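Have a look at the structure below before the remarks.
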Amino acid sequence: MPDQTEKYKQFKALHQGESAFVMPNPWDAGTARILSSMGFAALATTSAGYAFSAGRRDSSAALSRQELLANAGEIVAATDLPVSADLEDGFGAAPETCADTIRMACDIGLVGGSIEDATGDPDNPIYEMDAAVDRVRAAAEAARDLPFLLTARAENHLWGRPDLDGTIRRLVAFAEAGADVLYAPGLPDIDAIKAVCQAVDNPVNVVMGLQAPAYSVQELSEAGVRRISVGGSFARAALGALRRAADEVLTTGTFTYATDAMPGEAIARLMSPEKPTRR
């Protein structure tokens with residue numbers, strides 16, 4: 001298994017390719033093992049996917065730093081691939097809290113993570129520019145001497161503020177504050193994505209599966225994107241399959257859903273090789 005420094009180097013190099021790479025989002029150790037077996041080069045955690053598995057909404061108020069890092073640690077332990085984490089808003093307003101979160105994330109083996117400028121307060125959903133930049137700067141300073149790639153997220157488009165120029169100004173400022181990768185989830189179309197990529201020198205992450213329209217890896221690469229994640233959409237797809245299977249049983253009394261299910265033997269081969277201890 002490569003050590004953390006080797007994983008960091010691998011992860012950083014992926015962002016320097018001529019086309020975009022896809023970084024899917026497992027929500028637990030089992031899904032991490034499955035995705036690792038399929039040829040992806042890196043993984044990322046998803047706060048949404050983890051929240052759904054725990055029967056909660058995806059929000060910083062509902063999910064603690066301790067439990068999200070514990071979940072991320074289980075994913076890191078389940079794969080040889082580099083893992084980046086959704087670190088919400090850094091789990092606190094203070095820049096020092098964001099810095100602590102970065103150090104704690106690195107301590108469990110993560111080689112990347114994102115800090116967003118959303119506050120979690122519906123009445124005041126986005127941090128003011130100066131505060132947002134200070135938070136990114138503190139996170140970047142914490143990551144500077146660590147094997148850790150910092151992603152800064154501008155959340156305007158997820159919170160009813162479709163201000164592309166304002167989003168770009170934030171991303172530029174985040175880059176100047178030391179962020180390695182830039183990310184504005186919820187951009188409305190390929191033209192907006194191109195505008196972001198053309199306005200910054202840093203690699204840009206785009207999420208697919210969040211909302212329509214859906215663009216291909218080739219289309220996003222041609223727009224200038226260097227990294228594509230899927231957020232909680234794989235988790236939602238799995239929950240959709242569960243609901244369709246249950247609906248079939250309830251409404252028709254049949255079990256044809258099992259035809260598309262992953263065979264138990266195949267799953268067993270991908271899970272932990274440790275033999276259970278008999279009690």
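In this chain, residues are counted from 1 in sequence order. All values reported here derive from a predicted model rather than from experimental measurement.
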Self-check item: Distance-minimising heavy-atom pair for T79 and S36
Solution: OG1-OG, 2.7 Å
Quiz item: Can a donor-acceptor pair be found between the side chains of R161 and N156 at a distance below 3.5 Å?
Solution: no
Quiz item: Looking only at heavy atoms, which two atoms of A48 and G232 are closest? And how far apart?
Solution: CB-CA, 4.2 Å
Exercise. Report the residues that fulfil side chain to side chain donor-acceptor pair (under 3.5 Å) with E248, sequence neighbours left out, ordered by chain and then residue number.
Key: T254, T256
Quiz item: Do I193 and V225 come within less than 4.5 Å of each other through their side chains, counting heavy atoms only?
Solution: yes
Quiz item: When you look at Y50 and D28, which way does the side chain to side chain contact (heavy atoms under 4.5 Å, CB included) test go after all the steps?
Solution: CA-CA 7 Å; Y50 171 71; D28 58 17; over 6 Å; no
Practice problem: Kindly indicate, with the supporting measurements, whether the criterion side chain to side chain contact (heavy atoms under 4.5 Å, CB included) is fulfilled by V111 and L149. | Solution: CA-CA 6 Å; V111 296; L149 209 66; over 6 Å; no
Self-check item: Contacts of type side chain to side chain donor-acceptor pair (under 3.5 Å), residue D100, not counting sequence neighbours
Solution: R103
Exercise. Consider only side-chain heavy atoms of I, L, V, M, F, W and Y, link residues closer than 4.5 Å, and tell whether V230 and L220 are in one cluster.
Key: yes
Self-check item: Q16 atom CD, neighbour heavy-atom count above 12 within 6.0 Å
Solution: yes
Quiz item: How about S229 and N25: does a side-chain donor come under 3.5 Å of a side-chain acceptor?
Solution: no
Practice problem: Would you check, one step at a time, whether the test side chain to side chain contact (heavy atoms under 4.5 Å, CB included) holds for R135 with D89? | Solution: CA-CA 9 Å; R135 287 158 39 80; D89 68 341; 3.6 Å; yes
Practice problem: Go through the side-chain N and O atoms of S37 and R269 and say whether any donor and acceptor fall under 3.5 Å apart. | Solution: no
Quiz item: Is the number of heavy atoms from other residues, nucleotides or ligands within 6.0 Å of CG (D130) greater than 12?
Solution: no
Quiz prompt | Nearest heavy atoms of R65 and T97, plus distance in Å | solution = NH1-O, 3.6 Å
Quiz item: Does the side chain of V83 reach to within under 4.5 Å of the side chain of T45, using non-hydrogen atoms?
Solution: yes
Quiz item: Quick one: CG on L69 to OG on S64, what's the gap to the nearest 0.5 Å?
Solution: 8.5 Å
Exercise. Consider only side-chain heavy atoms of I, L, V, M, F, W and Y, link residues closer than 4.5 Å, and tell whether L35 and L239 are in one cluster.
Key: no
Quiz item: Are the side chain of S221 and the backbone of S19 linked by a donor-acceptor contact shorter than 3.5 Å?
Solution: no
Quiz item: Quick one: are V172 and V200 in side-chain contact, heavy atoms under 4.5 Å?
Solution: yes
Quiz item: Given side chains that start at C-beta, do those of R56 and E67 come closer than 4.5 Å, heavy atoms only?
Solution: yes
Quiz prompt | Spatial distance of atom CG (L182) from atom CZ (F174) [nearest 0.5 Å] | solution = 9.0 Å
Exercise. Specify the closest pair of heavy atoms between A20 and V217, including all atoms of both residues, with the distance to one decimal.
Key: O-CG1, 4.0 Å
Quiz item: Any side-chain heavy-atom pair from P147 and C106 closer than 4.5 angstrom?
Solution: yes
Practice problem: Decide yes or no on salt bridge (Lys or Arg N to Asp or Glu O under 4.0 Å) for R137 and D134, but give the supporting numbers first. | Solution: CA-CA 5 Å; R137 183 178 294 110; D134 287 345; 3.0 Å; yes
Exercise. Under the salt bridge (Lys or Arg N to Asp or Glu O under 4.0 Å) rule, collect the residues that match up with E155, sequence neighbours excluded.
Key: R153
Quiz item: With ILVMFWY side chains joined below 4.5 Å, transitively, what does M1's cluster contain besides itself?
Solution: none
Quiz item: With sequence neighbours left out, which residue pairs that include part of residues 11-31 fulfil the ring-ring contact (aromatic ring centres under 6.0 Å, His included) condition?
Solution: F11-H15, H15-F21
Exercise. Check whether any side-chain heavy atom of T31 sits under 4.5 Å from a side-chain heavy atom of I75, and report yes or no.
Key: no
Self-check item: Polar contact flag, side-chain donor to acceptor under 3.5 angstrom, S47-D58
Solution: yes
Exercise. Determine the minimum heavy-atom distance between A245 and Y257, stating which atoms define it.
Key: CB-CG, 3.5 Å
Self-check item: Greater than 12 external heavy atoms within 6.0 Å of D145's CG
Solution: no
Self-check item: L87 CG to I115 CD1 distance, which is reported to the nearest 0.5 Å
Solution: 5.0 Å
Exercise. Return yes when atom CD of E128 has more than 12 non-hydrogen atoms of other residues, nucleotides or ligands closer than 6.0 Å, and no otherwise.
Key: no
Exercise. Compute whether any side-chain donor of one residue and acceptor of the other, for E6 and Q10, lie under 3.5 angstrom apart.
Key: no
Quiz item: Hey, quick one: are M208 and V181 part of the same hydrophobic cluster, counting side-chain heavy atoms closer than 4.5 Å, chains of contacts allowed?
Solution: no
Quiz prompt | Results of side chain to side chain donor-acceptor pair (under 3.5 Å) for T259 - residues two or more places apart only | solution = none
Quiz prompt | Min side-chain heavy-atom separation V206-Y215 under 4.5 Å | solution = no
Quiz prompt | I228 reachable from M23 in the ILVMFWY side-chain graph, under 4.5 Å edges | solution = no
Quiz item: According to a 4.5 Å side-chain heavy-atom criterion applied to Ile, Leu, Val, Met, Phe, Trp and Tyr, with indirect links allowed, do V133 and Y183 form part of one hydrophobic cluster?
Solution: no
Quiz item: Say you draw a straight line from OG of S84 to CG of L14; how long is it, rounded to the nearest 0.5 Å?
Solution: 11.5 Å
Quiz item: Do the side chains of I34 and M262 get nearer than 4.5 Å, heavy atoms only?
Solution: yes
Quiz item: What do the steps show when you test L158 against E116 for side chain to side chain contact (heavy atoms under 4.5 Å, CB included), and what is the final call?
Solution: CA-CA 11 Å; L158 294 185; E116 63 192 41; over 6 Å; no
Quiz prompt | For G17 against R226, the heavy-atom pair lying closest together | solution = O-NE, 3.0 Å
Self-check item: Rounded distance (nearest 0.5 Å) linking atom CG of L242 with atom CG of D247
Solution: 11.0 Å
Practice problem: Kindly compute the distance separating CD1 (I102) from CD (E141), expressed to the nearest 0.5 Å. | Solution: 12.0 Å
